[in-house]
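Structure first, commentary second.
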Amino acid sequence: MIAASAHMGRVEIAGVAIELAETGKGRPLIFLHGGHPSGRLDPQSRIVEALGESFRFIAPTHPGFGSTPAPPQLTAIDDIAYLYLDLLDALHLKDVVLVGASLGGWIAAEIAVKTTERLSHLVLIDSVGIKVSDRETRDIADIYAMTDRQLAEIAYADPQRMVRETKSLPDEELVLMARSRESTGRYAWSPYMHNPKLKNRLHRIGIPTLLLWGEADRIVKPEYGRAFAAEIPRAQFALIENAGHFPHLEQPNAVAHRIVDFVAEASHR
């Protein structure tokens, strides 16, 4: 269960409502969740509790996901990146450990190439966001060209354990899943799941960076992750065993330990 001190709140930044889940104390850690099919981060998931033991854990829900609307002025990942830069300012956060998973990793990378003034460390978990191969080679699986069952097979190392039967879910959960699918397409459809300019900007990231990758990820394979890491100065790369595209959900303890150790080691260099 989530720590008793955790709570769900809401802030307004430049007229945009943002849901926030927060728990723990200490150095702030911002966690940016992925898109479809994981959707917003469940505030009672194990990764929240595990990271809340070492950090002041803050997880915004991207506008359009969760219960907040997506304002018409937000149409691209770049818009979300600037929104979260404003959020860091509004919360007066410094020395932030910025963690992003999948679509959230793309947002985190876009933030870091703009400025790292308020950041101390960057962690990208199975991030999308760049093109690493030639134009004829698909780097990122087309999640809209397959059924939910097919998507689960490539997203998780153990889909039987991770996927819930949709027929048994309450309507509220089904609405959240539909909003996640819609909003992922809204922000990342064209160009599909990447910014053609981001790769050539990654050299601007001058803070300690770790890329964590699920060993069994077949949405963006580990080779993509290694190519992503190679574009960021001195970035580290590590595999998470028995995990697919969302290792923070399949192997939350392993991911939390990696992040805690990385921040501790990089802070003492």
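Side chains are part of it too, since the values below use all heavy atoms of this structure and drop only hydrogens, waters and symmetry mates. Numbers here are sequence positions counted from 1.
A salt bridge (charged side-chain N to carboxylate O under 4.0 Å, His left out) check over residues 64-90, counting only residues at least two apart or in different chains, returns the pairs Asp78-Lys114, Asp89-Arg118. Residue pairs that meet the salt bridge (charged side-chain N to carboxylate O under 4.0 Å, His left out) test with at least one member in residues 127-138, sequence neighbours left out, are Lys131-Asp139. Residue pairs meeting the side-chain hydrogen bond (donor to acceptor under 3.5 Å, both in side chains) criterion with at least one partner in residues 176-193, sequence neighbours excluded, are His36-Arg181. The list of side-chain hydrogen bond (donor to acceptor under 3.5 Å, both in side chains) pairs with a residue in residues 195-206, not counting sequence neighbours, reads Glu110-Asn195.
Between the CE atom of Met146 and the CD atom of Glu153 there is a distance of 11.0 Å, given to the nearest 0.5 Å. Taking CD1 of Ile13 as the reference point, atom CG of Leu85 lies at 11.5 Å (rounded to 0.5 Å). To the nearest 0.5 angstrom, Ile259 atom CD1 is 5.0 Å from Leu51 atom CG. Here the CG-CG distance, from Leu124 to Leu211, works out to 4.5 Å after rounding to the nearest 0.5 Å.
For Lys221, there are no salt bridge (Lys or Arg N to Asp or Glu O under 4.0 Å) partners, not counting sequence neighbours. Under the rule for a ring pair (Phe, Tyr, Trp, His ring centres under 6.0 Å), His194 has no partner lying at least two apart in sequence or in another chain. Contacts of Ser120 classified as side-chain hydrogen bond (donor to acceptor under 3.5 Å, both in side chains), with partners at least two apart in sequence or in another chain: Arg27. Applying the salt bridge (Lys or Arg N to Asp or Glu O under 4.0 Å) test to Arg258 and every residue at least two apart in sequence or in another chain returns nothing. For Arg10, the salt bridge (Lys or Arg N to Asp or Glu O under 4.0 Å) partners at least two apart in sequence or on another chain are Glu19. Considering only residues two or more places apart in sequence or on other chains, Glu173 meets the salt bridge (Lys or Arg N to Asp or Glu O under 4.0 Å) condition with Arg164.
Annotation for Glu241: atom CD does not count as buried by contact number, only 12 or fewer foreign heavy atoms lying within 6.0 Å. More than 12 non-hydrogen atoms from other residues, nucleotides or ligands lie less than 6.0 angstrom from CZ of Arg161. Other residues, nucleotides and ligands contribute over 12 non-hydrogen atoms within 6.0 Å of the CD atom of Glu12.
Other cluster members for Leu176: none, since no ILVMFWY side-chain heavy atom sits under 4.5 Å from it.
A donor-acceptor contact shorter than 3.5 Å is absent between the side chain of His121 and the backbone of Phe262.
Gly35 approaches Leu103 most closely through the heavy-atom pair N-CB, 3.6 Å.
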Side-chain donor-acceptor pairs under 3.5 Å in residues 245-256, sequence neighbours left out?
| unit_1 | atom_1 | unit_2 | atom_2 | d |
| --- | --- | --- | --- | --- |
| His245 | ND1 | Asp217 | OD1 | 3.4 |
| His245 | ND1 | Asp217 | OD2 | 2.8 |
| His245 | NE2 | Ser102 | OG | 2.7 |
| Glu250 | OE1 | Ala157 | N | 3.0 |
| Glu250 | OE1 | Gly244 | N | 2.7 |
| Glu250 | OE2 | Ala157 | N | 3.1 |
| Glu250 | OE2 | Asp158 | N | 3.0 |
| Gln251 | NE2 | Asn242 | O | 3.0 |
| Asn253 | OD1 | Arg46 | NE | 2.7 |
| Asn253 | OD1 | Arg46 | NH2 | 3.1 |

